[in-house]
Colleague: 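Would you mind keeping the following structure in view while I ask a few things?
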Amino acid sequence: MGTVAILVTDDDAPALWDVYEAGLACVVFGIDHFDPWYTMRLCGLNPAAPRARHGWVLSPEHGLEGLHGADTIIVPSVPQAVLDGTEPLSPLLVKELQDAADNGTRIAALCNGAFVLAEAGLLDGRRATAHWSYTDRLARRYPRVEVDDSVLYIEDGTILTSAGAAAGLDLCLHLVRQDFGAHVANQLARKLCVPAHRTGGQAQFVTRHVPDTDDDSIAPALEWAVRHLDRPLTVAEMASRAGMSQRTFFRRLREATGSTPLRWLLAQRIAHAQALLETTSLSVEQVAERCGLGTGTNLRRHFTAHVGVTPTDHRRAYTA
């Protein structure tokens with residue numbers, strides 16, 4: 001699936017958040033989780049120049065030439081001076097990113113790496129996000145960017161941006177899902193002990209990040225629903241399983257996931273359909289039945305709307 005170049009942009013000692021975001025990308029793309037897997041390059045303006053803080057060191061093996069020919073470029077951070085607006089981004093780096101974008105390279109910014117893409121003009125006229133505490137600054141400084149602070153990540157053509165912290169991992173898994181399919185992405189998520197798929201449109205900040213685990217938890221109801229996706233499930237049925245009213249269940253699910261019950265349920269059905277298309281020879285009609293969408297026509301409509309390709313094209317991409 002090609003080469004992933006992870007770009008270390010800070011010339012000075014990296015902050016711990018920078019190490020965290022870069023570490024996420026390195027764990028996903030730099031370890032051979034499956035065969036085949038990605039080839040990873042760690043790139044920077046000053047290769048082999050150690051950047052240390054709190055005992056952590058980032059020492060890129062490649063200079064900016066390591067970006068050349070990469071299929072994907074990950075920008076996990078932004079120099080603090082650029083974030084503060086006291087210094088511009090390196091003109092050399094700007095040109096490299098612009099050239100890569102012109103060549104159709106997929107470029108993804110994690111957290112406030114979005115400021116790097118904005119400085120290079122790659123977000124002009126596009127939707128983008130960043131950590132919610134910096135999205136106002138991003139919008140003020142770059143008025144040509146359509147900033148959305150309510151989502152986990154955004155894909156606009158070949159340019160992708162994510163919110164902060166765990167959302168960066170969600171975006172990395174989204175890229176794996178694009179390249180290898182839902183089945184492999186789900187296996188990797190399980191290995192990393194994280195949710196298999198949080199859609200980009202999910203809320204960036206929610207009251208509860210995971211369902212409660214007390215006696216009136218919604219988690220058992222959601223787990224039950226996932227095990228019975230072939231059935232015509234209703235909100236009333238899931239609420240009953242959770243032992244609460246539909247109104248309370250709606251509120252608790254929205255607080256826990258940022259989604260409504262029906263949207264959450266549809267996302268699970270689509271994800272199950274993706275896995276079936278990639279790992280079985282079931283017909284489209286049979287997949288529709290197994291994932292609870294009833295007919296092939298209904299599956300094609302929802303699948304195409306959510307994934308961007310037809311079920312048949314999706315299967316072809318991962319079984320060729």
Colleague: Which residue pairs satisfy the side-chain hydrogen bond (donor to acceptor under 3.5 Å, both in side chains) criterion with at least one member in residues 20-34, sequence neighbours excluded?
Modeller: H33-K191
Colleague: Quick one, D179 with Y38, criterion side chain to side chain donor-acceptor pair (under 3.5 Å). Give me CA distance, side-chain angles, the key distance, then yes/no.
Modeller: CA-CA 10 Å; D179 295 339; Y38 302 94; 2.7 Å; yes
Colleague: Could you walk me through whether I74 and L7 pass side chain to side chain contact (heavy atoms under 4.5 Å, CB included), step by step?
Modeller: CA-CA 6 Å; I74 306 291; L7 177 61; over 6 Å; no
Colleague: Between the side chain of N103 and the main-chain N/O of D99, is any donor-acceptor distance below 3.5 Å?
Modeller: yes
Colleague: I'd like to check V235 versus F249 (side-chain heavy atoms, cut-off strictly below 4.5 Å). Are they in contact?
Modeller: yes
Colleague: Return yes if some donor-acceptor pair links the side-chain N/O of T135 with the main-chain N/O of A130 below 3.5 Å, else return no.
Modeller: no
Colleague: Begin from the C-alpha positions of I107 and L122 and carry the test side chain to side chain contact (heavy atoms under 4.5 Å, CB included) through to its verdict.
Modeller: CA-CA 9 Å; I107 304 176; L122 303 188; 3.9 Å; yes
Colleague: Can you pull the ring-ring contact (aromatic ring centres under 6.0 Å, His included) pairs that have at least one residue in residues 225-244, sequence neighbours excluded?
Modeller: W224-H228
Colleague: If you measure from the Lys or Arg side-chain nitrogens to the Asp or Glu carboxylate oxygens, is any gap between R141 and D136 under 4.0 Å?
Modeller: no
Colleague: With a 3.5 Å distance limit and no angle check, can you tell me whether S162 reaches the backbone of C111 through a side-chain donor-acceptor pair?
Modeller: yes
Colleague: Measuring from C291:SG to L229:CG, what's the distance to the nearest 0.5 Å?
Modeller: 8.0 Å
Colleague: Does any non-hydrogen side-chain atom of P79 lie less than 4.5 Å from one of E87?
Modeller: no
Colleague: Can you name the closest pair of heavy atoms from L169 and L24 and give their distance?
Modeller: N-CD1, 3.8 Å
Colleague: At what distance, to the nearest 0.5 angstrom, does CG of L253 lie from OG of S259?
Modeller: 6.5 Å
Colleague: Nearest heavy-atom pair of L173 and A189: which atoms, and what distance?
Modeller: CD1-CB, 4.1 Å
Colleague: Would you say that L123 contacts Y142 through its side chain, given a criterion of any heavy-atom pair below 4.5 Å between the two side chains?
Modeller: no
Colleague: Is it true that a side-chain atom of D124 and a backbone atom of R144 form a donor plus acceptor pair closer than 3.5 Å?
Modeller: no
Colleague: Work out which heavy atom in V28 is nearest to a heavy atom in L192; give both atom names and the distance.
Modeller: CG2-CD1, 4.3 Å
Colleague: Does CZ belonging to R126 count more than 12 external heavy atoms closer than 6.0 Å?
Modeller: yes
Colleague: Report the distance from atom CD of Q246 to atom CD of E237, rounding to the nearest 0.5 Å.
Modeller: 11.0 Å
Colleague: Less than 4.5 Å apart, any side-chain heavy atom of Q274 and any of R177?
Modeller: yes
Colleague: Working note: E96 + H68, criterion side chain to side chain donor-acceptor pair (under 3.5 Å); need CA distance, chi angles, decisive distance, verdict.
Modeller: CA-CA 8 Å; E96 290 289 346; H68 301 169; 2.9 Å; yes
Colleague: Would you say the side chain of T310 lies within less than 4.5 Å of the side chain of F303, judging by non-hydrogen atoms?
Modeller: no
Colleague: Could you give the distance from CG (L97) to CG (L92), rounded to the nearest 0.5 Å?
Modeller: 11.0 Å
Colleague: Is it the case that the side chain of R41 and the backbone of G66 share a donor-acceptor pair, with hydrogens and angles ignored and the cut-off at 3.5 Å?
Modeller: yes
Colleague: Please confirm whether the backbone N or O of L160 pairs with a side-chain atom of E155, one donor and one acceptor, at under 3.5 Å?
Modeller: no
Colleague: Between D156 and R127, is there a side-chain N and carboxylate O pair less than 4.0 Å apart?
Modeller: no
Colleague: Could you check whether D84 pairs with R137 (Lys NZ or Arg NE/NH1/NH2 to Asp/Glu carboxylate O, under 4.0 Å)?
Modeller: yes
Colleague: For a quick test of reading the model, state the closest non-hydrogen atom pair linking L266 to H302 and the distance between them.
Modeller: CD2-ND1, 3.9 Å
Colleague: Which atom pair, heavy atoms only, marks the closest approach of G168 to L110?
Modeller: O-CD2, 3.9 Å
Colleague: Using modelled atom types only, decide if a donor and an acceptor are shared between the side chain of T280 and the backbone of L276 within a distance under 3.5 Å.
Modeller: yes
Colleague: Using a 3.5 Å distance criterion without hydrogens, assess whether the side chain of E285 forms a donor-acceptor pair with backbone atoms of S283.
Modeller: no
Colleague: Which distance, rounded to the nearest 0.5 Å, do you find between the CE of M238 and the CG of L222?
Modeller: 7.5 Å
Colleague: Donor-acceptor check, side chain of T105 to backbone of A101, threshold 3.5 angstrom: yes or no?
Modeller: no
Colleague: State, yes or no, whether a side-chain contact exists between V226 and E223 at a heavy-atom distance under 4.5 Å.
Modeller: no
Colleague: Mind listing the closest non-hydrogen atom pair of A25 and I6 along with its distance?
Modeller: CB-CD1, 3.5 Å
Colleague: Under 3.5 Å, is there a donor on one side chain and an acceptor on the other for E278 and H314?
Modeller: yes
Colleague: Go through it in stages, so that I can follow the logic: the residues are L42 and H62, the test is side chain to side chain contact (heavy atoms under 4.5 Å, CB included), and I'd like the CA-CA distance, side-chain angles, deciding distance and then a yes or no.
Modeller: CA-CA 6 Å; L42 190 61; H62 304 274; 5.7 Å; no
Colleague: Are W37 and F29 an aromatic pair, judged by ring center distance below 6.0 Å?
Modeller: no
Colleague: Would you kindly confirm whether L233 and F250 end up in one hydrophobic cluster when ILVMFWY residues are joined by side chain heavy atoms under 4.5 Å apart?
Modeller: no
Colleague: I'd like to know if the side chain of T72 reaches the main chain of V4, judged simply by a donor and an acceptor atom lying under 3.5 Å from each other, with no hydrogens or angles considered.
Modeller: no
Colleague: Distance from L175 atom CG to D170 atom CG, nearest 0.5 Å?
Modeller: 11.0 Å
Colleague: Between E255 and R251, does any side-chain N to carboxylate O distance fall below 4.0 Å?
Modeller: yes
Colleague: Run L277 and T312 through side chain to side chain contact (heavy atoms under 4.5 Å, CB included) and show every step you take.
Modeller: CA-CA 8 Å; L277 289 166; T312 301; over 6 Å; no
Colleague: Are R106 and D71 close enough that some pair of their side-chain heavy atoms sits under 4.5 Å apart?
Modeller: no
